[in-house]
Trainee: 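Here's a structure for you.
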There are 2 protein chains.
Amino acid sequence: MSTSERLIEATQELLWERGYVGTSPKAIQQAAGAGQGSMYHHFAGKPDLALAAVLRTSAEMRETAGRLLDGPGSAYERISAYLLRGREVLRGCPVGRLTMDPEVVASDALRAPVDETIGWLRERLAGILQEGLDAGEFAPGIVPREVAATIVATVQGSYVLARASGSADAFDSAVRGLLSLLAPHVTTDRPA
Amino acid sequence: MSTSERLIEATQELLWERGYVGTSPKAIQQAAGAGQGSMYHHFAGKPDLALAAVLRTSAEMRETAGRLLDGPGSAYERISAYLLRGREVLRGCPVGRLTMDPEVVASDALRAPVDETIGWLRERLAGILQEGLDAGEFAPGIVPREVAATIVATVQGSYVLARASGSADAFDSAVRGLLSLLAPHVTTDRPA
DNA sequence: GTCTATATTCTGATAGAC
DNA sequence: GTCTATCAGAATATAGAC
């Protein structure tokens, strides 16, 4: 693999693990097995390299989520497949994590791919919710764009619960709770 | 106010804004209007001062949330009041934010108050959900501890959506979506 | 309790040789 | 393309005077 590739991948890993503020050029070089001169030859500096890494991570995330959301099954089944997919829960979300970084949020260039990825996911979920609504799978009162935001938020927040407790259990609980709220269900308050 | 107090409060603000990794002793001293000698007289170092700040922030969060959850109204109304309370959405959650910090998660001392606060909130919500369940307010199938995790996760994740987009709107959407899923509702699929 | 001086290591680069 | 200096400033303290 090229040095440039190794630098980008090392940066992706470090941004995921330590965020932008916590990642130094030196740490990137060591992880990539590249010298300083090499890094500054291929990239203008830390912001430039971080942007390349964030763009890559964002694209990979869309790829992964897209595959599950475009899969077979009912709307509920596809959303369920997305929620239950294997994740490295204790590492957090490589995209969502960046929103807690002050320097990422302060930079339009760095924030844009994060915003676009999350926005894309939300719209994709909203579309599926609408399909399910049309098919009578969900409670008729729900607003697709709002519930889509709830789904994305639950995933993002579940990482917070898991990392706080040091265990993936909380992530799974929150997802199960969401699926139970979303599930096609028959209420018991039938008219007598 | 005492120098020690000013140091703690300045640290609370900086941890909220920039996290542990992004906060330097120097920045704390400047924000508190205290010299280096002063800071190291009152606290052993950055980890010690951060711990004092995190304990303070955690206690304040429990105070705020507790007041709303102990308020008047039905279970749904109290949960709704908690979800809809005024927040500085774009600043993120001062407690949850810490879970994305590698040094906080790596330190048992720093992570403990975060874990306890989130755990306390979840249990408190689970209790209220159980009350509501007993009163017939919610769909009978829900599991209080799971849905409580979903509620906490939605709040935490809603901050992510808001910060990604640079607007508080996404936070409100996700919360409305959750409330609509949680709401006592009558399904249309009544037996004919 | 607070201040200034000093120390070591890291950060984020630039310069120029190979 | 990669390497080795070199550098100004920040991070995280310690020491000792006041």
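Any value given below was found using the heavy atoms of this structure, including those in side chains, with hydrogens, waters and symmetry copies removed. Residue numbers begin at 1 in each chain, while the letters A, B, ... track the order of the sequences.
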Trainee: Are the side chains of I79(B) and L129(B) in touch, meaning some heavy atoms are under 4.5 Å apart?
Mentor: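 Side chain of I79(B) against side chain of L129(B), heavy atoms only: contact under 4.5 Å found.
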Trainee: Please tabulate, one pair per line, all N/O donor-acceptor pairs under 3.5 Å involving side-chain atoms of residues 149-159 of chain B, not counting sequence neighbours.
Mentor:
from: T150(B); atom 1: OG1; to: A174(A); atom 2: O; distance (Å): 2.7
from: T150(B); atom 1: OG1; to: L178(A); atom 2: N; distance (Å): 3.1
from: T150(B); atom 1: OG1; to: E146(B); atom 2: O; distance (Å): 3.1
from: T154(B); atom 1: OG1; to: T154(A); atom 2: OG1; distance (Å): 3.1
from: T154(B); atom 1: OG1; to: T150(B); atom 2: O; distance (Å): 2.8
from: S158(B); atom 1: OG; to: T154(B); atom 2: O; distance (Å): 2.6
from: Y159(B); atom 1: OH; to: R87(B); atom 2: NE; distance (Å): 3.2

Trainee: For the pair made of CE in M1(B) and C1' in dG1(C), what is the distance, rounded to whole Å?
Mentor: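 From M1(B) CE to dG1(C) C1': 17 Å.
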Trainee: CD of Q29(A) versus C1' of dG1(D): gap in Å, rounded?
Mentor: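 Distance check: Q29(A) CD to dG1(D) C1' gives 15 Å.
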Trainee: Taking atom C1' of dG16(C) as reference, at what distance in whole Å does atom OH of Y40(A) sit?
Mentor: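 Nearest whole value for this atom pair: 17 Å.
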Trainee: What is the separation between atom CE on M39(A) and atom P on dT14(C), rounded to the nearest whole Å?
Mentor: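 Value for this atom pair: 10 Å.
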Trainee: Test of understanding: with side chain to side chain contact (heavy atoms under 4.5 Å, CB included), list the residues that count as partners of P102(B), not counting sequence neighbours.
Mentor: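 For P102(B) the side chain to side chain contact (heavy atoms under 4.5 Å, CB included) partners, ignoring immediate neighbours, are R18(A), R97(A), V21(B).
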Trainee: Considering only residues two or more places apart or on different chains, which pairs with a residue in residues 34-61 of chain A satisfy salt bridge (charged side-chain N to carboxylate O under 4.0 Å, His left out)?
Mentor: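 Output for this query lists E5(A)-R56(A).
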Trainee: Return the value, rounded to whole Å, for the distance between atom CG of L14(A) and atom P of dT11(C).
Mentor: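 My rounded result for the distance is 11 Å.
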Trainee: Can you check the Q30(A) CD to dG12(C) C1' distance for me, whole Å?
Mentor: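 Value for this atom pair: 14 Å.
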Trainee: Show me the protein contacts with nucleotides 2-7 of chain C, counting only N or O atoms at under 3.5 Å.
Mentor:
from: dT2(C); atom 1: OP1; to: T3(B); atom 2: OG1; distance (Å): 2.9
from: dT2(C); atom 1: OP2; to: S38(B); atom 2: OG; distance (Å): 2.9
from: dT2(C); atom 1: OP2; to: H42(B); atom 2: NE2; distance (Å): 2.9
from: dT2(C); atom 1: O5'; to: S38(B); atom 2: OG; distance (Å): 3.1
from: dC3(C); atom 1: OP2; to: G35(B); atom 2: N; distance (Å): 3.4

Trainee: Check the distance between dG1(D)'s P and F43(A)'s CZ and give it to me in whole angstrom.
Mentor: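 Atom-to-atom, F43(A) to dG1(D), this comes out as 12 Å.
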Trainee: A side-chain contact here means heavy atoms from C-beta on lying under 4.5 Å apart; do F43(B) and L51(B) qualify?
Mentor: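 No, their side chains stay 4.5 Å or more apart.
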Trainee: For residues 63-108 of chain A, which residue pairs qualify under ring-ring contact (aromatic ring centres under 6.0 Å, His included), counting only residues two or more places apart or in two chains?
Mentor: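 Every candidate ring-ring contact (aromatic ring centres under 6.0 Å, His included) pair involving residues 63-108 of chain A fails, so no pair, neighbours aside, qualifies.
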Trainee: Considering only nitrogen or oxygen atoms on both sides, find all protein atoms under 3.5 Å from nucleotides 9-11 of chain D and state each distance.
Mentor:
from: dA11(D); atom 1: OP2; to: S24(B); atom 2: OG; distance (Å): 3.4

Trainee: Do you know the tightest heavy-atom contact between M61(B) and V95(B)?
Mentor: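 That closest heavy-atom pairing would be SD-CG2, 3.8 Å.
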Trainee: So, for F171(B) and A162(B), which heavy atoms are closest and what is the spacing to 0.1 Å?
Mentor: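 Between these two residues, the closest heavy atoms are CB-CB, 4.2 Å.
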